[in-house]
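Reading through the structure tokens given below for one structure.
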Amino acid sequence: MTAARQRFALNPTKHLKETDMNRSHRHLWRGHSLVAVAIGATALTANAQDGPARILVGFSAGGSFDAIARLVGEKVKDELHRPIVVDNRPGAGGRLAVDTLKQAPADGSVVMLGPDALASLYPYTLKHISYDPKKDLKPVTTVAEFAFGLATGANPRITKWADFVDWAKKHPKEANYGVPAMGSPHQFFGLLIGEAIGVPMQPVPFQGSAPIAMALMGGQIPATVDVMSSLMENYKAGKINVLAVSSEQRIPQAQDIPTFKELGLPMATGLGFNALYAPAGTPDKEVAKWSDAVAKALAQPDVRKKLLEMGYMPVGKGPEELAARQASSVKRWEPVIKASGYVPQ
């Protein structure tokens with residue numbers, strides 16, 4: 001409202017001469033004002049219900065989780081009829097975002113994009129976590145899944161799986177592999193691979209995938225087990241060699257890389273995933289809104305293309321599928337973790 005109109009609204013008679021015609025106009029103005037107030041109240045109520053929604057991300061801006069959240073958020077805003085804000089809460093492998101989610105209103109205004117480790121690994125690899133996955137994380141939908149790969153770098157410069165196995169058996173004390181964190185699926189995939197080839201491969205922890213890549217290309221570590229989304233760029237550039245992937249079939253982004261299953265290591269088959277979770281107590285209808293909106297976003301060709309380029313495979317099948325996938329992941333990793341002798345940190 002302009003300043004002039006505000007003055008007019010406060011004292012309309014100052015601007016009208018007291019004629020019968022002006023009195024009639026003034027009554028009309030008052031009638032329109034009442035209608036405007038009613039419309040304004042309705043608009044305020046609608047805005048309160050459809051204000052900005054947040055997607056919590058437990059990792060820094062610029063990473064793959066952040067990129068996926070922004071890609072999906074941009075697409076679902078129209079379907080949900082509200083703007084989407086990506087809220088980065090980095091730290092503790094995504095657990096800080098869970099703490100924020102627990103305190104968030106359970107009304108569909110806040111969801112979190114998190115890794116499968118939040119539910120399938122952390123309860124078994126960490127001594128203390130501040131949440132119960134079954135009670136505090138309400139499944140919304142699986143967003144994307146991804147394969148793990150075993151890669152080599154500058155030293156030794158190996159391009160074939162058989163040559164790596166031969167090298168590892170001849171140099172068992174040097175057969176180490178970098179992982180972005182201890183207690184991660186990367187570590188346990190590596191242990192399964194080592195067990196399968198008869199070499200006790202040892203994990204070397206790094207603070208994320210970026211320093212692993214530098215160490216691999218610099219020859220400081222012989223190998224790594226990492227997600228393909230982190231390996232893809234350097235692999236495509238010819239800076240590292242990915243010898244095998246953990247998916248059931250060869251991944252569409254790199255059809256030349258064999259699977260562990262093809263190479264006779266079916267125990268090293270499996271996918272990771274990231275998913276949307278809502279606070280406990282969020283109504284099912286709000287969960288359904290998010291799930292449906294994400295499914296439609298992931299079906300769009302430009303979104304699918306971007307995710308595939310990043311090394312991900314879009315999913316988007318709803319809360320029931322995510323709950324089943326989560327239970328399957330726990331069933332798969334719990335015995336592996338216990339058998340490895342891993343001591344919770």
Side-chain angles (χ1 to χ4, degrees), residues 53-58 64-65 68-69 71-73 75-82 84 94-95 97-98 100-102 104-124 129 131-148 185 227 229 246-249 251-252 269-300 303-304 307-308 312-337:
R54 287 189 294 158
I55 300 178
L56 300 170
V57 177
S64 61
F65 271 77
I68 292 173
L71 177 66
V72 172
K75 295 295 184 179
V76 302
K77 66 179 183 181
D78 293 334
E79 191 70 27
L80 295 175
H81 307 294
R82 62 198 307 178
I84 305 295
R95 299 195 303 281
V98 177
T100 303
L101 186 74
K102 285 175 59 180
D107 59 2
S109 64
V110 182
V111 295
M112 179 191 71
L113 180 67
D116 55 321
L118 290 172
S120 61
L121 284 180
Y122 292 164
Y124 307 100
I129 57 174
Y131 63 93
D132 182 332
K134 294 181 180 179
K135 294 180 179 179
D136 298 321
L137 301 177
K138 184 160 186 174
V140 176
T141 189
T142 306
V143 176
E145 59 191 14
F146 49 87
F148 293 81
V227 295
S229 56
S246 67
S247 49
E248 282 279 350
Q249 289 86 32
I251 60 174
T269 298
L271 296 172
F273 60 90
N274 52 46
L276 280 185
Y277 298 94
T282 300
D284 290 343
K285 66 176 183 178
E286 296 298 329
V287 169
K289 287 179 184 177
W290 274 98
S291 177
D292 293 345
V294 171
K296 290 178 181 178
L298 295 176
Q300 296 182 34
V303 175
R304 294 183 66 84
L307 287 173
L308 287 170
Y312 290 90
M313 289 156 283
V315 182
K317 293 183 179 179
E320 293 80 10
E321 186 272 348
L322 173 54
R325 183 184 288 254
Q326 199 166 280
S328 177
S329 187
V330 170
K331 185 177 180 180
R332 191 268 169 85
W333 287 117
E334 183 182 6
V336 173
I337 294 167

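Index from 1, following the sequence.
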- Query: Given V294, which of V111, V140, V72, V303 fulfils the side-chain contact (heavy atoms from CB on, under 4.5 Å) condition?
  - Reply: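 Between V294 and the candidates, side-chain contact (heavy atoms from CB on, under 4.5 Å) is satisfied uniquely by V72.
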Taking every non-hydrogen atom, the tightest pair across [X] and [Y]:
X    : Y    : value
P123 : A117 : CD-O, 4.3 Å
L56  : A97  : CD1-O, 3.7 Å
V330 : P335 : O-CD, 4.3 Å
A297 : V76  : CB-CG1, 4.0 Å

Heavy-atom check, side chain of [X] versus side chain of [Y], under 4.5 Å:
X    : Y    : value
W290 : L80  : yes
P252 : L308 : yes
R82  : K77  : no
L101 : L137 : yes
L298 : L307 : yes

Those residues that, when tested against [X], pass side chain to side chain donor-acceptor pair (under 3.5 Å) (two or more places apart):
X    : value
D107 : S109
K296 : E79
S291 : none
S229 : Y312

- Query: Can you list every salt bridge (charged side-chain N to carboxylate O under 4.0 Å, His left out) pair that touches residues 327-337, not counting sequence neighbours?
  - Reply: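 Residue pairs with at least one partner in residues 327-337: E334-K338.
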- Item | Quiz item: cation-pi between R95 and Y122, 6.0 Å / 45° | yes
side-chain contact (heavy atoms from CB on, under 4.5 Å) partners of [X], counting only residues at least two apart:
X    : answer
A295 : none
S247 : A147, V245, I251, T259, L271
Q249 : none
V315 : T142, E145, K317, E321, R325

- Message: Check whether S246 reaches the backbone of F148 with its side chain - one donor and one acceptor, N or O, closer than 3.5 Å.
- Response: yes
- Applying ring pair (Phe, Tyr, Trp, His ring centres under 6.0 Å), name anything that partners F65, two or more places apart in sequence or on another chain.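 If we apply the ring pair (Phe, Tyr, Trp, His ring centres under 6.0 Å) test to F65, skipping adjacent residues, the hits are F59.
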Under 3.5 Å, which donor-acceptor pairs do the side chains of residues 272-285 form with other protein atoms, sequence neighbours left out?
from: N274; atom 1: OD1; to: A144; atom 2: N; distance (Å): 3.2
from: Y277; atom 1: OH; to: Q326; atom 2: OE1; distance (Å): 2.8
from: T282; atom 1: OG1; to: P279; atom 2: O; distance (Å): 2.7
from: D284; atom 1: OD1; to: K138; atom 2: NZ; distance (Å): 2.8

- Query: Does K102 have any salt bridge (Lys or Arg N to Asp or Glu O under 4.0 Å) partners at least two apart in sequence or in another chain, and if so, which?
  - Reply: none
